[in-house]
Structures are given as structure tokens and as C-alpha cells.
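Step one of this worksheet: look at the structure below.
These figures come from a predicted structure and were not determined experimentally. Counting starts at 1 for both ligands and their atoms, in listed order.
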Amino acid sequence: MTFSSTGMGKEELFRKLEEFRAGDLNWQSGRAFGMVFNAGKDYMEVGREAFSMFLSQNGLDFTEFKSTLRFETELIAIGARHLGGDERTVGNFTSGGTESIMLAVKAARDFSRARRPEIREPEIILPITAHAAFHKAARYLNLRVVQVPVDPKTCRAEPDLMKAVITPNTIMLVGSAPSFSQGVIDPIARLGDLALKHGLLLHVDACMGGFLLPYYKRLGEPVPDFDFSVPGVTSISMDLHKYAYTPFGASLVLYRDKSLRKYQLFACAQWTGYAIVNNGIQSTKSCGPLAAAWAVLNYIGDDGYLEITRKKIEAVKKITAGIEAIDGLYMMARPEMCILAFTSDTINVFKIIEEMKGKGWYIQPAFAYGSSREHIHMTVNYMNTEHVDAFLADLSECVKLAEKAPPSELATLVRNEMAGVNPSDVTDDDLALLLGSGSDLPGEMSDVNEILNGFPPELRERLLIEYLNNLFVVPVRQS
Ligand SMILES: Cc1ncc(COP(=O)(O)O)c(C=O)c1O
């Protein structure tokens with residue numbers, strides 16, 4: 001595979017780009033409950049324009065690109081005010097929830113190294129609903145994850161269970177507002193008490209809810225305290241590229257004060273080049289996302305977000321009632337924002353998803369883990385609110401189709417082959433065999449999901465890595 005030797009004409013080039021994205025998820029349709037957070041074309045345009053205006057400003061050096069410092073500090077001030085902070089609150093703009101979480105975990109690790117040097121093997125305590133980004137951070141940063149179940153009825157973290165696993169090595173507790181998986185808010189006030197009592201840090205992952213929940217509260221919805229108003233909360237992650245509807249690459253990580261944030265920062269003078277001092281993981285970075293986030297927030301405005309939220313609250317109530325009215329389906333928990341999880345004891349949820357996909361809907365599969373069974377996940381966007389009736393009508397039909405669908409032969413075959421096999425006896429060769437050539441994206445996902453769902457989590461991880469390792473390779477076919 002080569003690239004053009006003479007340079008491609010613009011017309012041909014953009015035609016190719018269109019061709020590339022033709023097979024992508026159609027998120028503009030309003031029928032995708034997830035993946036892209038979409039508040040409408042007008043808002044997107046403003047984000048796009050601001051993004052391209054600052055595309056080539058380099059966030060590496062805020063002394064040369066002073067705009068970056070201005071944007072970032074203004075966004076932090078907005079975030080701090082939004083989340084019960086005060087003039088001591090500090091933070092940074094990051095590329096997304098994962099980076100915000102990584103940085104908060106790194107700050108916790110290095111803060112604890114400095115303050116509690118006796119700890120040799122630091123641990124963080126996570127409810128099973130805490131986002132995978134904490135596991136990623138722990139694996140990258142060499143920390144031990146101690147996972148605890150959640151209340152199987154409410155799907156919220158259980159402070160008593162978290163308390164029971166605190167050891168002299170514990171450095172941080174984690175709660176979510178709300179959790180990605182079931183959209184419920186952990187009892188942050190009780191976690192705050194626990195953290196204070198045991199001298200621990202407490203991170204609240206409000207990547208999903210940080211921006212939106214204050215609007216829910218203002219509209220009279222019951223929102224428990226989850227932010228810096230809770231004593232004991234030491235850091236919060238809040239994404240803008242989710243429910244603030246800004247273009248991707250936009251999140252904030254906030255700290256109660258500088259004493260902890262200091263440990264997030266990185267400086268290096270031990271090489272032969274320029275002085276490196278970074279807030280986050282990236283060095284050279286486009287200021288496009290930063291400018292776009294600032295622009296979209298100011299364009300939609302406080303009243304605009306309130307109105308968007310009002311519409312979403314109505315839509316979520318309707319969707320929840322509609323799901324509960326369909327025979328065989330039930331909600332996994334009462335949604336406290338606009339994230340829904342529902343499942344069935346009798347119908348294959350992966351088949352429902354496949355049928356819905358056939359009708360142009362995107363809803364997301366989630367695998368069984370701990371007390372959480374396999375389920376269907378939805379994040380409700382402003383652009384979805386116009387499509388609620390059509391969604392419920394199609395869902396009802398697809399549930400009936402899924403009910404009638406024969407069991408997957410492939411999944412049954414794999415299940416039988418794997419019966420009684422100890423996961424640690426499965427070799428990489430076995431996995432390669434299972435994946436076949438593996439250098440293509442699967443068409444029908446329901447079989448694949450059913451197979452993965454049947455595997456123990458460690459094996460799922462190994463299989464996914466093997467798959468990815470085969471997928472991102474030099475393509476065989478050229479187009
Ligand atoms: C609660 C929560 N935390 C963290 C993340 C990770 O965010 P990102 O995908 O922006 O890295 C997500 C993503 O959906 C999330 O829902």
C-alpha cells in the first residue's frame with residue numbers, strides 16, 4: 001500500500017473520504033443511542049468552526065499560544081462552579097474521560113508515594129460499575145485494583161463493602177455520578193465520610209453526569225450531592241465531549257486544591273531538548289478541542305442546556321415506561337439521568353440488538369459481569385428525543401423477532417467445545433484457532449457477543465487483544 005506519488009486532486013480526495021465514512025455508524029440520524037453525543041447540526045457547526053480555527057495552535061506551549069491558557073482556565077472556572085468548587089479548585093483540560101481518570105489516578109499514586117511512603121503496593125477500591133478506565137490506569141500505573149460488588153437491586157456502590165476491603169495499602173476510593181453501565185449515582189456522601197475517616201482520597205467519576213446533573217437538580221429532579229460540596233471528595237472527572245455536546249477530545253479533571261493536582265503534572269529537564277512541562281499525557285496537541293469546547297458551551301449557553309435537559313428528562317421517562325411495558329424486558333435499575341440499561345431473563349438481548357440494527361438503531365451490548373447480567377445499554381442524546389415513539393415501536397417488534405430466532409449454532413458449538421475447559425489452559429494458539437483468520441470485522445455481531453458473554457472475563461480480554469492484534473495490520477486487499 002502506498003500513498004499518492006503525485007498528490008491526489010481535491011475532488012478525488014474528498015470523494016475518497018466520503019467513501020471511507022460511508023460504512024460508519026450513522027449517528028446523524030438520531031437513531032444512535034450512544035457513541036456520538038449529538039445536540040443538533042447548528043451546535044455541531046459552531047464546534048467544527050472553532051475546532052478548525054484552532055486546529056494548528058499547539059497546546060504544547062502555553063507561553064507561545066497564550067489562548068490555550070485562557071481557554072483552559074476559563075473552562076476550569078466553569079467546571080469548578082458547576083461542581084460545588086471554590087477559588088481553591090484547580091484542574092485541567094484533557095483529551096477525554098480516560099485521560100482525566102488516568103491523571104487523577106496518577107496524582108493519587110504520586111501524592112500517596114510522597115505522603116505515605118510506607119505503602120509499597122498501593123491499592124484503589126472500585127465498585128464493579130466503575131469505568132474500565134480505572135483498570136486501564138491501574139494497569140498502566142502499576143496499582144492494584146480491589147473490586148467490590150454493588151447492590152444488585154439498585155446497582156449502586158455499597159460503602160460498607162468498600163469499607164470492608166480497606167487495608168493499610170489503600171490510597172483511593174472511587175464512586176460514579178452516574179455509572180456508565182446502569183446510569184445510577186453512587187452514594188458519594190457516604191463514600192466521602194469513609195474517605196475522611198480513613199484518610200483516603202476519593203475520586204468521583206462524573207464523566208457522564210458532571211455537566212448534566214446540576215441541570216437535573218435545577219429542574220427539580222432528585223440528585224444526591226456528588227461533587228465538591230461533599231467533604232471528602234478530592235477529585236472529579238467531568239467530560240465535555242459527552243453531555244456538554246462539545247466535539248470529541250474534551251474533558252476536565254478537577255481537584256479540590258493544588259496540593260493533590262501538583263502530582264498530576266510532569267516536567268522533564270533531563271534530556272537535550274526544550275523544557276518539557278505538561279499538564280496531561282499529550283505533549284504536542286491541537287487546541288481545536290479546547291477552543292471548540294469553549295465555543296460550544298458559550299453558544300448553547302446555560303438556558304440552552306436547561307432546555308436540552310428538560311427534553312431529555314421527558315424522553316427518558318417515556319423510554320423507560322415503554323421498555324417496562326414490553327413483555328420480557330425489565331430495567332436493571334431506575335435511571336437517575338439519561339443512561340438506561342435493560343435486559344431480559346428469557347430473550348437473547350444480543351439478538352434484540354441485531355434486529356434493531358437492521359432497522360437502523362444503535363443500542364449497545366454489555367456482557368455479564370458479577371451481579372450484572374448481559375444487557376442493552378443506551379445513552380440518550382438530545383437528537384434522540386424526536387425518535388422515541390419510533391424507537392419503542394421497533395423495539396417491541398424486534399423483541400418478538402428475537403424471541404422467535406433460533407439459538408446461535410456457532411455460540412452453541414463454542415460453548416460445547418469450551419465446557420469444562422480451565423481458562424488458564426487455553427493457549428494463544430487456541431485463541432488464534434477460534435478467531436480464524438481474524439483480520440476482518442465481523443458482520444453479524446450477535447453470535448460474537450454471545451460467545452464472548454459466555455467466556456470468563458480474563459478469557460474475553462485475551463480474545464479481544466488477540467483479535468485487535470490481528471486486525472490492525474497491513475491490509476491484504478487494496479481499494
Ligand atoms: C462514567 C465514564 N467514565 C469514563 C469514561 C471514559 O471516557 P472516554 O471514553 O471519553 O475516555 C466513560 C465513557 O463512556 C464513562 O461513561
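- Atom CD of Glu74 has more than 12 neighbouring heavy atoms from other residues, nucleotides or ligands inside a 6.0 Å radius.
- Lys317 meets the side chain to side chain contact (heavy atoms under 4.5 Å, CB included) test with Glu221, Ile313; sequence neighbours excluded.
- A donor-acceptor pair is defined here as one N or O able to donate and one able to accept, closer than 3.5 Å; such a pair exists between the side chain of Asp205 and the backbone of Cys207.
- Side-chain N/O atoms of Asn38 and Tyr43 include no donor and acceptor closer than 3.5 Å.
- Ring pair His82/Phe211: centre-to-centre distance below 6.0 Å.
- Taking every heavy atom of both residues into account, Tyr255 and Arg261 meet most closely at CD1-CG, 3.3 Å.
- Residue-level contacts of ligand 1 at the 4.0 Å heavy-atom threshold are Gly96, Gly97, Thr98, Ile101, His131, Phe180, Asp205, Cys207, Met208, Asp239, His241, Lys242.
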